Amino acid sequence: MLLGLNVKNLALIEKAEVEFAGGLNILTGETGAGKSIIIGSVGLALGGKASKDMIRQGEESASVELLFSVDDEKKREALKTLDVTPDEDGLLIISKKITQARSISRINDETVTTARLRAVTGLLLDMHGQHDHQSLLHRQKHLEILDEYSRSETQQLKKQVADGYRTYQSLKSAMESFSLDAEGRRREADFTRFEIDEIENAGIRPGEEEELSARYRKYVHGQKIVSSMQTAARAVDNEEIGRALREVESVVAYDDGLKEIHDSLADAESILNDLGRAISDYMNEMEFDEEEFKKTESRLDFIRSLMAKYGNTEEAVLSALAEKKETLARLEHYDELAEKARKEFWAQERKMLDLCEKLSAARMAAAKVLEERIRAELLDLNFLHVDFKIEVRRLPEFNASGFDEVEFLISTNPGSIPPRPLGEVASGGELSRIMLAIKTVLADTDDIPTLIFDEIDTGISGRTAQKVSERLSYIAGKHQVLCITHLPQIAAMADTHFEIKKTVENGKTVTRIHRLDPEEQVEELARLLGGAEITEAVKENAREMKRLAEEKKKGLKRREMNHS
């Protein structure tokens, strides 16, 4: 779960440190206090787009840090597949630093790409704001929700379909590659034979070009080599070293200190004599054969022309030879290979259709159960009259997800009009309640430990708000939940309550976040209930609301225990 949030120099926030708890974490505050900045900072750390304009005025950089605790072994294994490992205490730190020039994301101090960051955080936290509620207007989201609900029945089938589709696409490409007519095949086969003969007749061997290049350089620069070696021979034939050695030999018996000089001169003379013999031997063997030079030059040009045509190295040319032999064999057995490719493709197509049928049947069965559960939740969320349907329709062609298209339909006035797509019927507030109903149903199967709800109370009040608060509390029994709200009915259900407040300090506007104790929670509920003027009656009302909320939570827990 999300243990903590640390924000520095972001917009109105100079510094904010929050330690979250399990269960339902509620965040409240006056309009404009910075609630959206707090949740927005989490979104930034999760891979959201950052801008230098977000940096607090007068500062060089801003940063956001999230501290997660990962206790579940399956979650650890999933993270390991992404090359991410929590420390020995199961802690994982995700951070983002925003500077004037760029932003940098890190996981446990390792810089990561945005794509990898989102893959990791997608296993740990799920955010739901107005944008996510709007995603319900897209049919692809409906398929994702149905598959999430039916995961135990469809997960393996989905994998088989996805793997099978990759094979299907590969076999389709292979089959479509057999498109040459007889005349085209004949021309290509003739040209391929010519290339094979050209490479084979060359008799090229690995390393030959390098050997010929060395020999060619020696021939081309032969005159320079001879001149330089003659000069070198004269230099090492200098008698001065020998004369020096004889002079020292004549006096070395009188002073032991001269022995080292004598030995060094003797070594130098020996080395020069060896060099002189080596140079003489080289010069004796040095010869220039005009015919051999022309043969070397011709062979080198030929090999380089082959390399320019078939590859940059001898190995690449020989590899091209093997490929061309395979191409020729394919052309010579074209009809039978084409027939084989067609049969393999048709067999895979039949296999795919069978897998897609099984997956579709599993989805249809799950859809019937899911639509009833969502309908029941919607009724509990104060949709007084609702008809909710999940349609599973067949697409003209299958893809990596099967051949199903899923769409959620709803009617809030049963009997008057049939259920229609959500976008034609549901308002923004209704969409948020529908998403909450879905999350409630998925609470048992969803393995993401932390859920954040922003704007879940859009367009609701009264009894509906009470129902929404109960659903949030139910989900918080299975996940850690963070929720921003302005409704007292939802705030009263908090297991942990934070107040976000904007103040002026040293002439600067700052946002602070503070964990409320029980009495402070009552004060904040009273503010949400009473507005500008908070009387004792309002405070008493707030205490009663908090007491009833605690009783409601106990009742929900008892019901859950009896259900399990």
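Keep in mind that this is a model prediction, so the values were computed, not measured.
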A.B. asks: For atom CZ of Arg420, decide whether the heavy atoms of other residues, nucleotides or ligands shown that lie under 6.0 angstrom number more than 12.
C.D. replies: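 No - once you tally the heavy atoms of other residues, nucleotides and ligands closer than 6.0 Å, there are 12 at most.
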
A.B. asks: For Gln57, is the CD atom crowded, meaning more than 12 foreign heavy atoms sit under 6.0 Å from it?
C.D. replies: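 At most 12 heavy atoms, drawn from other residues, nucleotides or ligands, come within 6.0 Å of this atom.
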
A.B. asks: Cut-off 3.5 Å, side chains only: do Thr28 and His497 have a donor facing an acceptor?
C.D. replies: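 Result is yes, a qualifying pair exists.
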
A.B. asks: Any salt bridge between Asp447 and Lys74, counting N to O under 4.0 Å?
C.D. replies: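 Salt bridge flag = no for Lys74 with Asp447.
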
A.B. asks: Any salt bridge between Glu14 and Lys8, counting N to O under 4.0 Å?
C.D. replies: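 Answer for the salt bridge query: no.
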
A.B. asks: Under 30°, 30 to 60°, or over 60°: which ring-plane class applies to His142 and Phe408, parallel, tilted or perpendicular?
C.D. replies: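 Taking Phe408 first and then His142, their aromatic rings lie parallel (interplane angle under 30°).
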
A.B. asks: Whether Glu523 and Arg527 form a salt bridge (side-chain N of Lys/Arg under 4.0 Å from carboxylate O of Asp/Glu) is what I want to check.
C.D. replies: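 Answer for the salt bridge query: no.
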
A.B. asks: Would Phe383 and Phe388 count as a close aromatic pair, with their ring centres under 6.0 Å?
C.D. replies: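 Here the rings of Phe388 and Phe383 have centres that are no less than 6.0 Å from each other.
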
A.B. asks: Has Asp109 got more than 12 heavy atoms of other residues, nucleotides or ligands less than 6.0 Å from its CG?
C.D. replies: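 Counting other residues, nucleotides and ligands, CG of Asp109 stays at 12 neighbours or fewer.
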
A.B. asks: Is Glu153 paired with Lys358 through a side-chain N to carboxylate O contact shorter than 4.0 Å?
C.D. replies: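 Judged by the 4.0 Å cut-off on N to carboxylate O distance, Lys358 and Glu153 do not form a salt bridge.
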
A.B. asks: Tell me whether Arg394 is salt-bridged to Glu405, with the criterion being a basic N under 4.0 Å from an acidic carboxylate O.
C.D. replies: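 No, this pair does not count.
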
A.B. asks: Is Glu19 atom CD crowded by more than 12 heavy atoms from other residues, nucleotides or ligands, each under 6.0 Å away?
C.D. replies: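 Incorrect, the count does not exceed 12.
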
A.B. asks: Can you establish whether the number of heavy atoms outside Glu551 located under 6.0 Å from its atom CD is more than 12?
C.D. replies: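 Result for CD/Glu551: enclosed.
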
A.B. asks: Any ion pair linking Arg151 and Asp147 (charged N to carboxylate O, less than 4.0 Å)?
C.D. replies: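 Salt bridge absent between Asp147 and Arg151.
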
A.B. asks: Any ion pair linking Arg116 and Asp83 (charged N to carboxylate O, less than 4.0 Å)?
C.D. replies: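 Between Arg116 and Asp83 there is no salt bridge, as every charged N stays at least 4.0 Å from the carboxylate O atoms.
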
A.B. asks: Please indicate whether Asn312 has more than 12 foreign heavy atoms, meaning atoms of other residues, nucleotides or ligands, lying under 6.0 Å from its CG.
C.D. replies: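 Result for CG/Asn312: open.
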
A.B. asks: Taking only Lys NZ, Arg NE, NH1 and NH2, and the carboxylate oxygens of Asp or Glu, determine whether Arg373 and Glu377 approach each other closer than 4.0 Å.
C.D. replies: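 Answer for the salt bridge query: no.
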
A.B. asks: Can you confirm whether more than 12 heavy atoms, excluding those of Lys501, are under 6.0 Å from its NZ atom?
C.D. replies: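 Atom NZ in Lys501 is not crowded, with 12 or fewer foreign heavy atoms closer than 6.0 Å.
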
A.B. asks: Check each of Leu27, Asn25, Leu482 against Ile452 using the side chain to side chain contact (heavy atoms under 4.5 Å, CB included) test, and report the only one that passes.
C.D. replies: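 Passing option: Leu482.
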
A.B. asks: Among Gln156, Lys158, Gln160, Met364, which residue meets the side chain to side chain contact (heavy atoms under 4.5 Å, CB included) test with Leu359?
C.D. replies: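 Among Gln156, Lys158, Gln160, Met364, the one meeting side chain to side chain contact (heavy atoms under 4.5 Å, CB included) with Leu359 is Lys158.
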
A.B. asks: I'd like to know if Lys553 and Asp495 make a salt bridge, using a cut-off of under 4.0 Å between side-chain N and carboxylate O.
C.D. replies: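 Yes, Lys553 and Asp495 are salt-bridged.
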
A.B. asks: Report yes or no: do Gln480 and Thr450 form a side-chain donor-acceptor pair below 3.5 Å?
C.D. replies: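 Present: a donor and an acceptor within the cut-off.
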
A.B. asks: Answer with yes or no whether the side chains of Ser411 and Asp387 bring together a donor and an acceptor at under 3.5 Å.
C.D. replies: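 Absent: no donor and acceptor within the cut-off.
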
A.B. asks: Does Glu372 pair with Lys389 as a salt bridge, N-O distance under 4.0 Å?
C.D. replies: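 Result for this pair is no, no salt bridge flagged.
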
A.B. asks: Looking at Lys351 and Asp354, is any side-chain nitrogen of the basic one under 4.0 Å from a carboxylate oxygen of the acidic one?
C.D. replies: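 No, no charged N to carboxylate O under 4.0 Å.
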
A.B. asks: Are there more than 12 heavy atoms of other residues, nucleotides or ligands under 6.0 Å from atom CD of Gln155?
C.D. replies: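 Not buried by this count: 12 neighbours or fewer within 6.0 Å.
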
A.B. asks: Ignoring hydrogens and angles, state whether a donor on the side chain of Thr167 or Gln348 is under 3.5 Å from an acceptor on the partner side chain.
C.D. replies: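 Absent: no donor and acceptor within the cut-off.
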
